[in-house]
Amino acid sequence: MTIKQLSVFIENREGSLGEVAQKLAENRINIISLSLADTSDYGMLRMIVSDPKKAKTVLKEAGFSAMITEVIAVKVANEMGNLSQLLNCFADMNISIEYMYALATNKDASIIMKITDVEKGVKTLLDKGFELVCNDEAVKING
Amino acid sequence: MIWNEAKECMSRDEMRNLQSARLVKMVSRVYHNVEFYRKKMQALGIEPGDIKGIEDLNKLPFTTKQDLRDNYPFGLFAVPKSEVVRIHASSGTTGKATVVGYTRKDIAIWQECVARVLAMAGISKEDRMQISYGYGLFTGGMGLHYGAENLGATVIPMSTGNTKKQITMMEDFECTAIACTPSYLLHIIDALEEAGKLDKIKLKTAVLGAEPWTEEMRNRIETKLNITAHDIYGLSEVMGPGVAADCKYHAGMHIYEDHFLPEVLNPDTLEPCKEGELGELVFTTLTKEALPLFRYRTKDLTSITYEKCQCGRTLARISRFKGRTDDMLVIRGVNVFPSQIEAALMEMGETSPHYLMIVDRVNNLDNLEVWVEVDEAFFSDEIRKLEDLTKKIAHTLQQALGLAVKVKLVEPKTIERSEGKAKRVIDKRNLI
């Protein structure tokens, strides 16, 4: 129940993010969701894309450092207190969140998370009745 | 003032005679006490008796920094260890330091040479002198310290760093002279300007060295502080600061030839250059007891003149350095070879071997930035891990170089690959 995320190292210089987007477009790879973490020298672009393997290959050929990471995507119903409940589950199980961002959807939101223990995390959430998004679903989530 | 007129102003004939007599004695002593040189001389088929004066200097073998490293730590010492009263060292290219030693007499000669430099710069026992070179294994701090004491000046052993405190002492003690690197003095000037204290200080003279600098820097320092700035040269292998320095005419640096016999050689053919012609500076020590060296190749490029100076000194003079025959850089007075960075990164084994050093001067202080490519081998999509790695690389390089390094991660293949020798250094300081 994990999904594959594509991470790309991006230097802080004009146009480098654009180059990544262009490479993906040229190869007909769709970006479903993304987050960009920044430091003073570089950025880390994390994306859910339609074909992560192909995306990694084309970006590497273009001279970027890219890697695929296993992350989870959890559905969070559009109700108050839902995120809090989810985070409490992880805290109780001593699972840490490395980073998280939202997966854009039409109605309910989903949250993409990189956690310290994927297997344990997935089991915990399923036990607690959370719904996880699988890879195929994630790619088609916006219809 | 001329500290030792007898030596600094002797006729060229007298100087050659003195050098010849000292060379003959030193060759014999070295032959009998240093196996390394004995073997080298035997391989060349020469005996001490073949060296009758400085005209025979070219029969002697050369010495390189590598020879010092190969004989680490004390292999080239010519006296029993009990005679050595002090050790200094400079960082080496592969982590091992270049070690030098001094007998009591070596220290006395060093103090004499530095006193000559300071007297030539117009400093006397009436002066209060701030020594803002690093103290420790580096020869700068202690070399200037004991020379200034020998002269009789009041010494303030500040060492490097803590500019605010340096300025307070300079102001409160009414320091009249300072010894430090030229870039550090420029940094102090900026701090003085910022604090609105430029006109509060009483400096008259600065003795600056341990890194290459330019006439433009001298002009800037002299104008801003309304002082005279002198150039001092030295290298630990030969002694330390005080091998040569310039007088008030700034017409090249006078070499203390009664102790250090200079040659300027074409670095390719190793044949002597004509006066005024650019070549590699080579020194043979004439009086050193602990670590005497034959024809030590400094790798510094300069030219020499034997013409008498307006100041009255007859000592040979060398021009401002025009670069080096190797890729050594001097950053904040620390000798840095690109190969040290490579070796440290390889040893760490967690990064790509492609790196680029960018040396720049920001606020008059040298900055070393090392770019390292992020590749498959050590990529993580967690920023925390990349930051930990950056810190680890910076720490490793700092340990290897003895210098703070800023590490920047860059995209793969950002660093230019070239056929043959890769470009590993961008020096933006324009020092030559």
Side-chain angles (χ1 to χ4, degrees), chain A residues 2-20 23 33-49 52-53 55-72 96-101 112-118, chain B residues 341 345 348-360 362-363 367-398 404-419 422-424 426 428:
Chain A
T2 60
I3 59 176
K4 294 193 185 325
Q5 172 195 263
L6 178 71
S7 304
V8 189
F9 177 88
I10 292 178
E11 261 175 57
N12 282 0
R13 62 178 163 80
E14 290 76 15
S16 56
L17 185 57
E19 279 171 44
V20 173
K23 279 289 152 206
S33 184
L34 66 80
S35 97
L36 180 64
D38 64 307
T39 73
S40 57
D41 287 332
Y42 56 87
M44 186 62 67
L45 179 63
R46 301 173 183 128
M47 295 175 282
I48 305 301
V49 296
K53 223 172 135 187
K56 184 185 168 190
T57 310
V58 299
L59 288 177
K60 278 185 73 177
E61 279 166 8
F64 287 95
S65 266
M67 69 183 289
I68 290 173
T69 316
E70 298 280 320
V71 294
I72 58 168
S96 298
I97 297 160
E98 308 283 359
Y99 53 78
M100 59 188 258
Y101 56 100
I112 295 172
M113 296 173 136
K114 167 84 186 287
I115 52 178
T116 45
D117 189 335
V118 177
Chain B
I341 302 222
L345 291 179
M348 229 185 105
E350 287 175 48
T351 75
S352 106
H354 299 291
Y355 65 93
L356 182 69
M357 300 167 63
I358 300 186
V359 192
D360 203 355
V362 181
N363 297 328
N367 254 343
L368 172 59
E369 186 169 287
V370 175
W371 289 13
V372 183
E373 286 183 1
V374 172
D375 71 0
E376 281 292 278
F378 70 106
F379 184 39
S380 163
D381 79 325
E382 286 171 41
I383 288 184
R384 186 161 46 91
K385 285 189 183 151
L386 286 181
E387 280 181 345
D388 285 349
L389 181 73
T390 310
K391 272 185 212 151
K392 193 173 167 192
I393 298 172
H395 181 74
T396 305
L397 293 180
Q398 181 160 1
V405 178
K406 182 185 186 302
V407 172
K408 184 180 170 183
L409 300 180
V410 296
E411 288 166 7
K413 306 201 175 62
T414 308
I415 296 164
E416 190 189 334
R417 269 77 158 161
S418 54
E419 309 265 321
K423 187 163 177 57
R424 293 296 190 207
I426 294 176
K428 298 179 174 171

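To find a chain, count down the sequence lines: A is the first, B the second, and so on, and within it residues start at 1. Computed from a prediction, not measured in an experiment: that's the story for all the values here.
- Side-chain contact, B/Trp371 with B/Glu373: no donor N or O sits under 3.5 Å from an acceptor N or O.
- Stacking of A/Arg46 on the aromatic ring of A/Tyr101 is not recorded, the 6.0 Å distance cut-off and the 45° axial limit not both being met.
- Within the 4.5 angstrom heavy-atom criterion, no atom of B/Lys385 approaches chain A.
- The CZ atom of A/Phe64 lies 9.0 Å from the CD atom of A/Glu11; values are rounded to the nearest 0.5 Å.
- Of the two parts of A/Leu45, neither the backbone nor the side chain holds a non-hydrogen atom closer than 4.5 Å to a non-hydrogen atom of chain B.
- Under 4.0 Å is where a charged nitrogen must lie from a carboxylate oxygen, and between B/Lys406 and A/Asp41 at least one such pair does.
- Interface remark: A/Phe9 contributes backbone and side-chain atoms alike to the contact with chain B (heavy atom separation under 4.5 Å).
- Contacts of A/Ser40 with chain B are absent, with no heavy-atom separation under 4.5 Å from either backbone or side chain.
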